[in-house]
Amino acid sequence: PSGVILGPGDDCAVLEGGWVVSTDLSVEGVHFCRDWITLDEAGFRATSAALSDLAAMAAEPVGVLISLAFDTAGFEVEGALFQQGVSEACKGAGVQILGGDLSRSPGPTFVNVVALGRAEAPISRSGTEVGDELWVTGHLGGAAGAVVSWGRGGEPPDPLRRCFTRPRPRIEEALWLADRIEIHGLIDLSDGLAGDAGHLAAAAGVAVVLEASAIPVHPSLAGVVKPPGEALRLALAGGEDFELAFSVPSGALDEMVDSFQDSFGLPLTRVGQAEAGEGLSLIGPDGMQMPLAPHGFSHFPSEEDM
């Protein structure tokens with residue numbers, strides 16, 4: 001419609017005037033469990049997930065709208081804790097809460113966060129070209145490793161727990177990169193590297209080849225999952241790392257890696273490349289290339305995903 005530059009299918013909608021808008025829903029029992037994390041952590045996590053969509057477009061955040069539904073029992077204490085986490089995440093990203101809605105829920109707690117940002121030239125998922133390199137920020141698989149620990153009845157190591165409870169949207173990192181190089185395609189890693197690299201490939205009509213030996217698996221996973229292949233699987237398909245994955249022309253980042261790492265204390269890693277064709281594949285530790293289903297986390301998995 002008139003006034004809409006980019007509609008469904010990307011991390012955000014883009015409106016005339018440079019406005020970038022996204023919405024993100026977090027449901028108790030699906031996105032978080034009270035037996036695992038505190039309510040302020042749940043609020044922080046839900047808000048950071050929404051703000052991460054702005055990072056995925058290299059947009060400057062402006063504010064958030066929060067819709068929150070709680071059971072009436074204990075709301076005064078529990079609602080305050082949840083909103084404390086929301087406020088902390090907003091403060092960390094330098095944004096304001098602009099408004100929202102509050103409702104009673106007969107079932108689980110849930111929160112919906114609308115993130116508002118601005119960008120003169122928002123970067124979509126669809127620009128990857130044949131010959132581009134695929135890069136990621138940070139380490140992958142940490143949040144999934146925490147879930148594995150909790151699922152086994154244990155407590156995850158603190159670095160993995162923080163990956164799940166205190167994810168930081170890579171807004172500053174995205175703006176730093178976009179200011180210095182030509183980014184062709186950009187996405188945040190909410191569905192796992194395999195799922196989101198698959199989104200980049202499909203949006204651009206190219207094939208993406210990942211290199212298993214290059215993927216920056218979170219180092220603390222070694223204490224949670226023993227077979228190296230399981231740690232790699234979590235990095236590929238675990239989801240909710242909220243790091244950035246992006247494509248750039250070959251060699252464009254070679255002289256900037258050290259500067260980026262010095263600025264943010266965060267690894268920047270080349271994990272693959274774009275080729276002619278379609279789909280996703282992985283070059284394994286043995287050097288053999290195999291097709292890789294571009295399926296990360298899904299709320300509604302098909303039979304072949306299960």
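What you see below is based on every heavy atom in this structure, not just the backbone, and it leaves out hydrogens, waters and symmetry mates.
A side chain to side chain donor-acceptor pair (under 3.5 Å) check over residues 276-290, counting only residues at least two apart or in different chains, returns the pairs Ser281-Gln289. Sequence neighbours left out, not one pair with a member in residues 139-148 passes side chain to side chain donor-acceptor pair (under 3.5 Å). Sorted by first and then second residue, the pairs that involve residues 266-275 and meet side chain to side chain donor-acceptor pair (under 3.5 Å), not counting sequence neighbours, are Glu211-Arg270, Arg270-Gln273. Judged as a salt bridge (charged side-chain N to carboxylate O under 4.0 Å, His left out), the pairs with a partner in residues 241-257 (not counting sequence neighbours) are, in order, Arg170-Glu243. Listed by first then second residue, pairs satisfying salt bridge (charged side-chain N to carboxylate O under 4.0 Å, His left out) with a partner in residues 62-91 read Arg34-Glu78, Glu88-Arg166, not counting sequence neighbours. Residue pairs meeting the side chain to side chain donor-acceptor pair (under 3.5 Å) criterion with at least one member in residues 55-70: none, sequence neighbours excluded.
Between Ala212 and Pro285, the shortest heavy-atom distance links the atoms CB-CD, 4.1 Å. Shortest non-hydrogen contact noted between Val206 and Ala274 is CG2-CB, 4.2 Å. In plain terms, the two heavy atoms of Leu200 and Ala245 that are nearest each other are CD1-O, 4.2 Å. Listed here is the closest heavy atom pair of Trp150 and Pro156: NE1-CD, 3.3 Å. Ala197 and Val208 make their closest contact through O-CG2, 4.1 Å (heavy atoms, listed as atom of the first residue, atom of the second, distance). Across all non-hydrogen atoms, the minimal contact from Ala50 to Ala115 is O-CB, 3.7 Å.
Every residue two or more places apart in sequence or in another chain that forms a side chain to side chain contact (heavy atoms under 4.5 Å, CB included) with Ser124 is listed here: Leu6, Asp10, Ser126. Judged as a side chain to side chain contact (heavy atoms under 4.5 Å, CB included), and not counting sequence neighbours, Ala13 has no contacts.
A donor-acceptor pair under 3.5 Å is absent between the side-chain atoms of Ser52 and the main chain of Ser48, judged by distance alone. Distance alone, capped at 3.5 Å, places no donor-acceptor pair between the Arg162 side chain and the Pro157 backbone. Judged purely by atom type and a 3.5 angstrom limit, Glu155 has no side-chain atom pairing as donor or acceptor with the backbone of Ser149. Proximity of a side-chain donor or acceptor of Gln261 to a complementary backbone N or O of Asp258 within less than 3.5 Å is not detected.
Once rounded to the nearest 0.5 Å, the distance linking OG1 of Thr109 with CZ of Phe82 reads 7.0 Å. The CG atom of Asp132 sits 8.5 Å away from atom OG of Ser250, with the distance rounded to the nearest 0.5 Å. In this structure, CG on Leu54 lies 9.5 Å from CG on Asp11, to the nearest 0.5 angstrom. Note that CH2 of Trp19 and SG of Cys12 are 13.0 Å apart. Values are rounded to the nearest 0.5 Å. Atoms CG and CG, on Leu280 and Leu292 in that order, are 4.5 Å from each other to the nearest 0.5 Å. Expressed to the nearest 0.5 Å, how far CZ of Phe75 lies from OG of Ser105 amounts to 11.5 Å.
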Quick one: side chains of residues 215-237, donor-acceptor pairs under 3.5 Å with protein atoms, not counting sequence neighbours, listed by atom name and distance.
{"residue": "His218", "atom": "ND1", "partner": "Ser220", "partner atom": "N", "Å": "3.1"}
{"residue": "Glu230", "atom": "OE1", "partner": "Arg233", "partner atom": "NE", "Å": "3.1"}
{"residue": "Glu230", "atom": "OE2", "partner": "Arg233", "partner atom": "NE", "Å": "3.4"}
{"residue": "Glu230", "atom": "OE2", "partner": "Arg233", "partner atom": "NH2", "Å": "2.8"}

With a cut-off of 3.5 Å and sequence neighbours excluded, list every side-chain donor-acceptor pair involving residues 93-100.
none

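Other residues, nucleotides and ligands contribute more than 12 heavy atoms inside 6.0 Å of the CE atom of Met290.
Here the side chains of Glu41 and Arg161 are in contact, with some heavy-atom distance below 4.5 Å. In this structure, the side chains of Val4 and Val14 stay at 4.5 Å or more apart for every pair of heavy atoms.
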* Residues Phe70, Phe110; criterion ring pair (Phe, Tyr, Trp, His ring centres under 6.0 Å); working and verdict -> CA-CA 7 Å; Phe70 255 92; Phe110 67 85; 9.5 Å; no

* To do: Go through the steps for Ser87 and Gln84 under the test side-chain hydrogen bond (donor to acceptor under 3.5 Å, both in side chains), then give the verdict.
  => CA-CA 5 Å; Ser87 297; Gln84 178 182 322; over 6 Å; no

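Hydrophobic clustering, with ILVMFWY side chains joined whenever heavy atoms are under 4.5 angstrom apart, keeps Val136 apart from Phe242. Val111 is not connected to Leu25 by any chain of hydrophobic side-chain contacts under 4.5 Å among Ile, Leu, Val, Met, Phe, Trp and Tyr, and they are in different clusters. A single hydrophobic cluster is not seen to contain both Ile5 and Val114; linkage of ILVMFWY side chains at heavy-atom distances under 4.5 Å, directly or through other members, places them apart. Under the 4.5 Å side-chain heavy-atom criterion for Ile, Leu, Val, Met, Phe, Trp and Tyr, Leu193 and Leu282 are members of the same hydrophobic cluster. Taking hydrophobic clusters as Ile, Leu, Val, Met, Phe, Trp and Tyr residues chained together by side-chain heavy-atom distances below 4.5 Å, Val147 shares a cluster with Ile37.
Annotation for Val209: hydrophobic cluster partners, listed by chain and number, are Ile283 (ILVMFWY side-chain heavy atoms under 4.5 Å, direct or chained). Cluster note: Leu266 groups with Ile123, Trp135, Trp176, Leu177, Ile181, Ile183, Leu186, Leu244, Phe246, Val248, Leu253, Met256, Val257, Phe260, Phe264, Leu268 through ILVMFWY side-chain heavy atoms spaced under 4.5 Å, whether in direct contact or through intervening members.
Checking Leu102, Val113, Asn112 one by one against Leu68, the side chain to side chain contact (heavy atoms under 4.5 Å, CB included) holds for a single residue, Leu102.
By the 6.0 Å and 45° rule, Arg45 does not stack over the aromatic ring of Phe32.
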